[in-house]
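Here's the structure, in structure tokens; my notes come after.
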Amino acid sequence: MKKFIVSVFYAAVLMLALLVAGCGSEKKEAAATAAPAAEGGAANGIWEQSTLNKILKNKVLRVGLEAGYMPFELKSKNGDLVGFDVDIAKMMAEDMGVKLELVNTAWDGIIPALLTDKFDVIMSGMTITPQRNLQVNFCDPYIVVGQTIFIRKDLEGKVKSYKDLDDPKYNIATKLGVTADYASKKYMGKANIKLYETEQEGAMEVLNGKADAFVYDLPYNAIFYAQNKDKLTFLDQPFTYEPLAWAVRKGDPDFVNFLNNYLAQIKGDGRYQAAYDKWFGSTDWLADIQ
């Protein structure tokens with residue numbers, strides 16, 4: 001009788017152990033099934049919030065820029081926005097199958113405007129800096145430039161580099177709030193630095209004899225100098241390294257991925273080079289500019 005009771009007891013214990021093991025196995029299987037579903041849900045959530053997804057749904061690519069930075073973006077005689085960045089934006093919108101909306105924005109407010117969803121991406125010759133990168137995410141650089149200087153013709157031979165301008169007797173003009181502003185203060189801080197709202201205002205100060213030198217990005221200075229060789233001398237060797245890139249809001253990996261791959265594609269298929277040759281390899285377009 002005792003043997004029978006013991007046998008029944010052990011059988012009950014074995015059944016209980018098997019039952020617990022089965023429940024544990026079911027929980028593990030359920031957890032294993034739920035994990036990919038949860039991960040997939042998170043991924044779908046990121047995509048739903050992606051700027052790229054919203055562009056495709058709304059069928060509009062909104063690009064923020066500031067007209068006035070030759071030859072990246074400027075206004076034609078009939079008021080249209082044109083330039084290297086504009087041509088790339090048009091290509092992109094066409095390949096995405098959406099409409100392009102260009103949003104002309106003052107430079108000092110262009111990052112805040114992006115962050116408050118006034119547009120989807122900044123395509124405006126923006127230099128990557130650590131300070132800006134704390135606010136926005138940059139894609140791969142699409143062109144590299146640097147700061148250069150043109151000076152009054154009568155200073156030729158006296159001023160041979162930016163180092164010679166680091167002197168209180170010189171008046172240096174540049175644009176407010178851009179990397180040329182910071183570079184001038186860093187490398188020529190002893191000079192009298194005058195800041196202007198636009199590139200054109202600063203450049204004209206030198207042309208009119210009210211400033212000794214103008215500091216700005218190589219492409220702009222090269223074009224301005226080509227138009228005024230009789231009055232200016234161009235120190236065309238860049239003294240800074242400045243990669244330019246498109247900027248987007250943080251937390252948007254899908255859009256950054258698309259933009260990086262798009263840049264690689266147009267550089268590979270020749271369309272980037274065609275636009276580059278049009279705006280940097282020629283000055284024919286100057287006849288149509290305001």
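Just so you know, these numbers come straight off a predicted model, no measurement behind them.
Note: the hydrophobic cluster containing L207 does not contain Y196 (ILVMFWY, side chain heavy atoms under 4.5 Å, direct or indirect links). V159 and L232 fall into different hydrophobic clusters, where Ile, Leu, Val, Met, Phe, Trp and Tyr residues are linked whenever their side-chain heavy atoms come under 4.5 Å apart, directly or through other members. With hydrophobic clusters built from ILVMFWY side chains whose heavy atoms lie under 4.5 angstrom apart, I111 shares a cluster with L102. One hydrophobic cluster, built from ILVMFWY side chains closer than 4.5 Å, cannot hold both F214 and I193; they sit in different ones. Hydrophobic clustering (ILVMFWY, side-chain heavy atoms < 4.5 Å, transitive): V60 and V248 are in distinct clusters.
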Q: Let me see the working for D217 and E199 under side-chain contact (heavy atoms from CB on, under 4.5 Å), right down to the final yes or no.
A: CA-CA 10 Å; D217 294 351; E199 301 92 335; over 6 Å; no
Q: Please lay out, stage by stage, how K190 and D167 fare under the test salt bridge (charged side-chain N to carboxylate O under 4.0 Å, His left out).
A: CA-CA 5 Å; K190 294 178 183 177; D167 190 306; over 6 Å; no
Q: Decide yes or no on side-chain contact (heavy atoms from CB on, under 4.5 Å) for I151 and Y170, but give the supporting numbers first.
A: CA-CA 11 Å; I151 57 177; Y170 291 120; over 6 Å; no
Q) Could you walk me through whether K185 and L195 pass the side-chain contact (heavy atoms from CB on, under 4.5 Å) check? A) CA-CA 11 Å; K185 292 171 181 174; L195 302 175; 3.9 Å; yes
**Q.** Audit row: L218, E242, side-chain contact (heavy atoms from CB on, under 4.5 Å) steps and yes/no
**A.** CA-CA 10 Å; L218 173 61; E242 298 189 20; over 6 Å; no
Q.
Would D212 and K158 count as a salt bridge (charged side-chain N to carboxylate O under 4.0 Å, His left out) here? Give the steps.
A. CA-CA 11 Å; D212 300 304; K158 298 176 185 177; over 6 Å; no
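Applying the ring-ring contact (aromatic ring centres under 6.0 Å, His included) definition to pairs two or more places apart or across chains, those involving residues 112-145 are Y142-W246. Annotation: ring-ring contact (aromatic ring centres under 6.0 Å, His included) contacts involving residues 268-289, sequence neighbours excluded, comprise F72-F280, F84-Y272, F84-F280, Y276-F280, W279-W285.
Between F150 and Y225, the distance separating the two ring centers is not shorter than 6.0 angstrom.
Checking R271, K90, Q265 one by one against D95, the side chain to side chain donor-acceptor pair (under 3.5 Å) holds for a single residue, R271.
Counted by atom type alone, K163 and S161 present zero donor-acceptor pairs between their side chains at under 3.5 Å. With hydrogens and angles left out, the side-chain atoms of D277 and Q273 include a donor and acceptor closer than 3.5 Å. No hydrogens or angles considered: a donor-acceptor pair under 3.5 Å links the side chains of Y220 and Q200.
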Could you pull out every donor-acceptor pair under 3.5 Å between side chains of residues 129-136 and any protein atom, sequence neighbours left out?
| unit_1 | atom_1 | unit_2 | atom_2 | d |
| --- | --- | --- | --- | --- |
| T129 | OG1 | R132 | N | 3.1 |
| R132 | NH1 | T127 | O | 2.8 |
| N133 | ND2 | V136 | O | 2.9 |

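For the atom pair CG of N104 and CG of L65, the computed distance is 6.0 Å after rounding to the nearest 0.5 Å. Rounding to the nearest 0.5 Å gives a distance of 9.0 Å between CG of L235 and CD of E156. Within the model, atoms CZ of F239 and CD1 of I149 stand 4.5 Å from one another, a figure rounded to the nearest 0.5 Å. The line from OG1 of T51 to CG of D117 is 7.0 Å long, rounded to the nearest 0.5 Å. Within the model, atoms OG1 of T283 and CD1 of I223 stand 8.0 Å from one another, a figure rounded to the nearest 0.5 Å. Here Q49 contributes atom CD and K54 contributes atom NZ; the two are 5.0 Å apart, rounded to the nearest 0.5 Å.
Checked by atom type and distance alone, the side chain of T148 pairs as donor or acceptor with a backbone atom of Y216 at under 3.5 Å. Looking only at distances, a side-chain donor or acceptor of Y182 sits under 3.5 Å from a matching main-chain atom of G177. In this structure a side-chain-to-backbone donor-acceptor pair under 3.5 Å is missing from S282 to K278. Side-chain N or O atoms of D252 include none that pairs as donor or acceptor with a backbone N or O of S50 at under 3.5 Å. No donor-acceptor distance shorter than 3.5 angstrom exists from the side chain of K210 to the backbone of N171, with no hydrogens or angles considered. In this structure a side-chain-to-backbone donor-acceptor pair under 3.5 Å is present from T105 to V103. Proximity of a side-chain donor or acceptor of D140 to a complementary backbone N or O of N260 within less than 3.5 Å is not detected. Under the 3.5 Å distance criterion, the side-chain polar atoms of D87 are left unmatched by any main-chain donor or acceptor of A275. Distance alone, capped at 3.5 Å, places no donor-acceptor pair between the N257 side chain and the P253 backbone. A distance-only check finds no donor-acceptor pair linking the side chain of D85 to the backbone of E73 [under 3.5 Å].
In this structure, K153 and K229 have side chains that are not in contact, with every pair of non-hydrogen atoms separated by 4.5 Å or more. Contact of the M188 side chain with the V215 side chain is registered, since non-hydrogen atoms from C-beta on lie closer than 4.5 Å. By the 4.5 Å heavy-atom criterion applied to side chains, V63 and E101 are not counted as neighbours. Between V121 and L61, the closest side-chain pair of non-hydrogen atoms falls below 4.5 Å. Taking 4.5 Å as the limit, some side-chain heavy atom of I110 sits within range of a side-chain heavy atom of W107. L115 is listed as a side-chain neighbour of R249, based on a closest heavy-atom distance under 4.5 Å. Residues Q237 and Y162 form no side-chain contact, since every pair of their non-hydrogen atoms from C-beta on lies 4.5 Å or further apart. By the 4.5 Å heavy-atom criterion applied to side chains, T179 and T240 are not counted as neighbours.
Heavy-atom contacts from other residues, nucleotides or ligands closer than 6.0 Å to NZ of K231 number 12 or fewer. In K99, the NZ atom is not crowded: 12 or fewer heavy atoms of neighbouring residues, nucleotides or ligands sit closer than 6.0 Å. Heavy-atom contacts from other residues, nucleotides or ligands closer than 6.0 Å to CD of Q227 number more than 12.
When all heavy atoms of L81 and A67 are compared, the closest pair comes out as CD2-CB, 3.5 Å. Looking at every heavy atom in both residues, K75 comes nearest to I289 through O-CG2, 3.6 Å. The nearest pair of heavy atoms linking G125 to Y69 is O-CE2, 3.8 Å. A pairwise comparison of heavy atoms in P141 and L263 identifies O-CD2, 3.6 Å as the closest pair. Heavy-atom minimum distance, A247 versus M126: CB-SD, 4.3 Å. Residue M96 comes nearest to I55 through the heavy atom pair CE-CG2, 3.6 Å, listed as atom of the first residue, atom of the second, then distance.
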